[in-house]
2 protein chains.
Amino acid sequence: MDFRKTFKALSDPVRLEILKMLKNGRMSAGDIASKFDITNATVSYHLSLLKQADLIYETKIKNFIYYELNTTVFDDLVIWIKQFSKEE
Amino acid sequence: MDFRKTFKALSDPVRLEILKMLKNGRMSAGDIASKFDITNATVSYHLSLLKQADLIYETKIKNFIYYELNTTVFDDLVIWIKQFSKEE
DNA sequence: AACCTGTTTAGATATACTTCTAAATAGATC
DNA sequence: GATCTATTTAGAAGTATATCTAAACAGGTT
């Protein structure tokens with residue numbers, strides 16, 4: 001598996017903050033954006049990168065788009081990183 | 001702990017390749033560079049980023065500099081990522 | 001001390017990333 | 001169907017990153 005995109009997605013402070021927010025449950029794009037001092041357009045850009053990296057997924061309800069953590073990818077990531085740990 | 005630098009370091013294909021090489025044991029800067037189609041200067045730049053991210057460390061012997069994986073940081077990384085896994 | 005070998009540093013350039021503003025889309029409501 | 005709301009897309013601008021060439025440095029060797 002190729003985690004380059006995943007690591008790139010994780011290398012930005014805004015995106016890390018978004019992921020931490022989503023630990024408490026899904027949020028709409030607007031709710032996420034309201035927590036930052038940057039425009040909605042920029043937050044949308046960050047969300048698209050997180051989505052491309054499979055770290056989050058979206059659900060459309062009415063004219064809201066809700067974002068949610070994709071926990072399985074984090075599990076895959078842990079397995080990948082462990083190849084560099086001592087015991088292997 | 002702040003892993004932004006770590007993730008940035010992990011987001012480049014050359015640097016990921018260097019880390020994979022170092023799984024088989026320490027290598028000198030020159031040996032590492034010889035495996036790539038880029039200049040020694042560029043490889044040196046990548047090594048410095050990996051070093052800044054604490055993913056590798058160096059040992060100087062004669063006029064060689066040997067690089068080695070810092071396995072403990074990968075363990076810390078696994079712990080950090082697990083906060084996003086389901087069971088927590 | 002002069003020189004060779006392995007490696008890094010400095011400066012320049014091209015590419016990629018982050019951010020903005022303005023415009024576009026998609027769905028809901030009036 | 002006109003309009004409002006939530007969000008994304010397009011295009012532009014500034015900043016950061018990856019790479020190169022050329023020069024510098026540091027440790028051995030002669």
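Naming: A, B, ... by sequence-line order, numbering from 1 per chain.
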So, do [X] and [Y] sit near enough that their side-chain heavy atoms are less than 4.5 Å apart?
X: A/D75; Y: A/I79; result: no
X: A/L16; Y: B/F3; result: no
X: A/F36; Y: A/I18; result: yes
X: A/D12; Y: B/F7; result: no
X: B/L10; Y: A/L10; result: no
X: B/V73; Y: A/F84; result: no
X: A/L49; Y: A/Q52; result: yes

B/D31: side chain to side chain contact (heavy atoms under 4.5 Å, CB included) partners, not counting sequence neighbours: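 Here the qualifying residues are B/M27, B/S28.
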Search all heavy atoms of B/H46 against all heavy atoms of B/V14 and return the closest pair with its distance.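 So the minimum-distance heavy-atom pair works out to CD2-CG1, 3.6 Å.
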Over all heavy atoms of both residues, which pair between A/N40 and A/A33 is shortest? Give the atoms and the distance, please.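 So the minimum-distance heavy-atom pair works out to OD1-CB, 3.5 Å.
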What nucleic acid atoms does A/Y67 come within less than 4.0 Å of, heavy atoms only: base, sugar-phosphate, or nothing?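 Touches sugar-phosphate only.
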Distance check needed: [N] [atom2] versus [X] [atom1], whole Å only.
X: B/F64; N: C/dT8; atom1: CZ; atom2: P; answer: 12 Å
X: B/L47; N: C/dT7; atom1: CG; atom2: C1'; answer: 10 Å
X: B/I65; N: D/dC25; atom1: CD1; atom2: C1'; answer: 11 Å

Could you go through A/K82 and B/F74, starting from their C-alpha distance and side-chain angles, then the distance that decides it, and tell me whether this counts as side chain to side chain contact (heavy atoms under 4.5 Å, CB included)? CA-CA 7 Å; A/K82 276 188 172 167; B/F74 291 99; over 6 Å; no
For nucleotides 16-23 of chain D, list the nitrogen or oxygen atoms of the protein found under 3.5 Å from its nitrogen or oxygen atoms, one pair per line.
| from | atom 1 | to | atom 2 | distance (Å) |
| --- | --- | --- | --- | --- |
| D/dT17 | OP1 | B/K8 | NZ | 3.2 |
| D/dA18 | OP1 | B/R15 | NH1 | 3.4 |
| D/dA18 | OP1 | B/R15 | NH2 | 3.2 |
| D/dA18 | OP2 | B/R15 | NH1 | 3.3 |
| D/dA18 | OP2 | B/Y45 | OH | 2.6 |
| D/dT19 | OP2 | B/H46 | NE2 | 2.4 |
| D/dC20 | OP2 | B/T39 | N | 2.9 |
| D/dC20 | OP2 | B/T39 | OG1 | 3.1 |
| D/dC20 | OP2 | B/T42 | OG1 | 2.8 |

Tell me the stems DNA chain D sits in, counting at least three consecutive Watson-Crick or G-U wobble pairs, each under 3.5 Å on both distances.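 Looking at DNA chain D, the stems formed by three or more consecutive pairs are C:1-30 with D:1-30.
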A correct 5'-to-3' footprint of nucleotides 24-30 of chain C, with B, S and - meaning base, sugar-phosphate only and no protein heavy atom under 4.0 Å, is ---BS--
Just distance, no hydrogens or angles: give the donor-acceptor pairs under 3.5 Å from side chains in residues 64-71 of chain A, sequence neighbours left out.
| from | atom 1 | to | atom 2 | distance (Å) |
| --- | --- | --- | --- | --- |
| A/Y67 | OH | A/E58 | OE1 | 3.1 |
| A/E68 | OE2 | A/Y57 | OH | 3.4 |
| A/N70 | OD1 | A/T72 | OG1 | 3.0 |
| A/N70 | ND2 | A/D54 | O | 2.9 |

So if I take residues 24-36 of chain B and measure heavy-atom distances to DNA chain D, which residues fall below 4.0 Å?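 Hits under 4.0 Å, by residue number: none.
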Taking B/R4 for the side chain and A/P13 for the main chain, is one N or O donor matched with an acceptor at less than 3.5 Å?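 No; judged by distance alone, with no hydrogens or angles, the pair does not exist.
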